[in-house]
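Here the structure is a predicted model, which means the values were calculated and not measured.
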Amino acid sequence: MTQSAQQLIGSVALVVENYDDAIAFYTKKLLFTLIEDTDLGGGKRWVQVAPPHSTGTKLLLAQASTGEQKKAIGNQSGGRVFLFLETNDFWRDYTCMKSKGVVFLEEPRREAYGTVVVFRDLYGNKWDLLQLSKKSKPASEPDH
């Protein structure tokens with residue numbers, strides 16, 4: 001790769017049971033924005049959501065269509081935290097998500113790298129809601 005090459009992870013595929021249920025969870029409970037929902041034919045859709053005002057990676061909601069894919073729903077990372085939702089106001093987002101019925105697996109806690117709490121999405125995948133401290137970023141992935 002040359003010095004001027006630039007790359008980014010544009011989307012992360014998240015295997016879901018149902019497009020519409022997943023869209024409703026992410027847009028109504030996490031207040032994500034529906035970026036695109038395009039019918040590709042044959043029951044497939046190109047569905048992307050992202051946190052509000054995000055210019056980074058998007059979630060590509062991919063409805064499971066095989067038995068193997070269905071096994072991955074809710075356990076895409078083998079029970080570990082799968083995705084990290086960073087925020088600039090932890091308590092605002094925690095309070096909002098809790099009021100909308102998001103399931104939290106613990107009480108919020110302070111770590112050296114910031115304030116964090118683990119929650120589950122509608123299928124059981126674990127997420128961190130995380131506000132990084134201004135002076136530090138995690139040296140490595142927190143062990144959940």
What's the shortest heavy-atom distance between [X] and [Y], and which atoms?
X	Y	value
Tyr19	Gly43	CE1-O, 3.5 Å
Ser65	Gln69	N-OE1, 2.7 Å
Arg45	Leu40	C-CD1, 3.9 Å
Ala112	Ser133	O-OG, 3.6 Å

Point-to-point distance, once rounded to the nearest 0.5 Å, from [atom1] of [X] to [atom2] of [Y]:
X	Y	atom1	atom2	answer
Leu129	Leu83	CG	CG	12.5 Å
Ser11	Gln48	OG	CD	4.0 Å
Thr115	Leu130	OG1	CG	8.5 Å
Lys126	Asn75	NZ	CG	9.5 Å
Thr57	Phe84	OG1	CZ	13.0 Å
Glu106	Asp128	CD	CG	7.5 Å

Please determine whether residues [X] and [Y] belong to a single hydrophobic cluster, defined as Ile, Leu, Val, Met, Phe, Trp and Tyr linked transitively by side-chain heavy-atom distances below 4.5 Å.
X	Y	value
Leu59	Trp46	no
Leu61	Val102	yes
Trp127	Ile73	yes

query: Are Lys98 and Asp93 within salt-bridge range, i.e. N to O under 4.0 Å?
result: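 A salt bridge is absent here (no side-chain N lies under 4.0 Å from a carboxylate O).
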field: Salt bridge present between Arg109 and Glu107 (N-O < 4.0 angstrom)
entry: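 No, Arg109 and Glu107 are not salt-bridged.
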message: What I want to check is whether the side chains of Thr66 and Glu68 have a donor and an acceptor closer together than 3.5 Å.
response: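 No.
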- request: Take the angle between the ring planes of Tyr94 and Trp91 and call it parallel below 30°, perpendicular above 60°, tilted in between.
  value: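 Ring orientation, 0 to 90° scale: perpendicular.
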- request: List, by chain and then residue number, the residues other than Leu8 in its hydrophobic cluster (Ile/Leu/Val/Met/Phe/Trp/Tyr, side-chain heavy atoms under 4.5 Å); write none if there are no others.
  value: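 So far as hydrophobic clustering goes, Leu8 is joined with none.
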ILVMFWY cluster membership beyond Ile35 - transitive side-chain contacts under 4.5 angstrom: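 Ile35 shares its hydrophobic cluster with no other residue.
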query: Around Ile9, counting heavy atoms of other residues, nucleotides and ligands shown, do more than 12 lie under 6.0 Å from its CD1?
result: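 Not buried by this count: 12 neighbours or fewer within 6.0 Å.
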query: Can you tell me if CD on Glu17 sees more than 12 non-hydrogen neighbours from other groups inside 6.0 Å?
result: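 Counting other residues, nucleotides and ligands, CD of Glu17 stays at 12 neighbours or fewer.
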message: So does Cys96 get a backbone contact from the side chain of Ser99, meaning a donor-acceptor N/O pair under 3.5 Å?
response: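 Yes, the answer is positive, given that a donor and an acceptor are paired below the 3.5 Å cut-off.
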task: Measure from the side-chain N and O atoms of Gln63 to the backbone N and O of Val16, and report whether any donor-acceptor pair falls under 3.5 Å.
output: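 It does not hold such a pair.
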query: Only one of Asp21, Leu14, Val15 clears side chain to side chain contact (heavy atoms under 4.5 Å, CB included) with Tyr123; which?
result: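 Among Asp21, Leu14, Val15, the one meeting side chain to side chain contact (heavy atoms under 4.5 Å, CB included) with Tyr123 is Asp21.
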message: Using the rule given for side-chain contact (heavy atoms from CB on, under 4.5 Å), can you reason through Leu132 versus Phe90, listing the C-alpha separation, both sets of side-chain angles and the distance that settles it, and then say yes or no?
response: CA-CA 9 Å; Leu132 296 174; Phe90 178 90; over 6 Å; no
Residues 23-32 side chain polar contacts: donor-acceptor under 3.5 Å, at least two apart:
{"unit_1": "Tyr26", "atom_1": "OH", "unit_2": "Asp121", "atom_2": "OD2", "d": "3.0"}
{"unit_1": "Thr27", "atom_1": "OG1", "unit_2": "Ile23", "atom_2": "O", "d": "2.7"}
{"unit_1": "Lys29", "atom_1": "NZ", "unit_2": "Lys100", "atom_2": "O", "d": "3.0"}

message: Are Pro108 and Val116 packed together at the side-chain level, in the sense that at least one heavy-atom pair is separated by less than 4.5 angstrom?
response: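 Not touching, per the 4.5 Å side-chain cut-off.
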Side chain proximity check, Thr87 to Arg92, heavy atoms < 4.5 angstrom: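 SC-SC contact between Thr87 and Arg92 confirmed.
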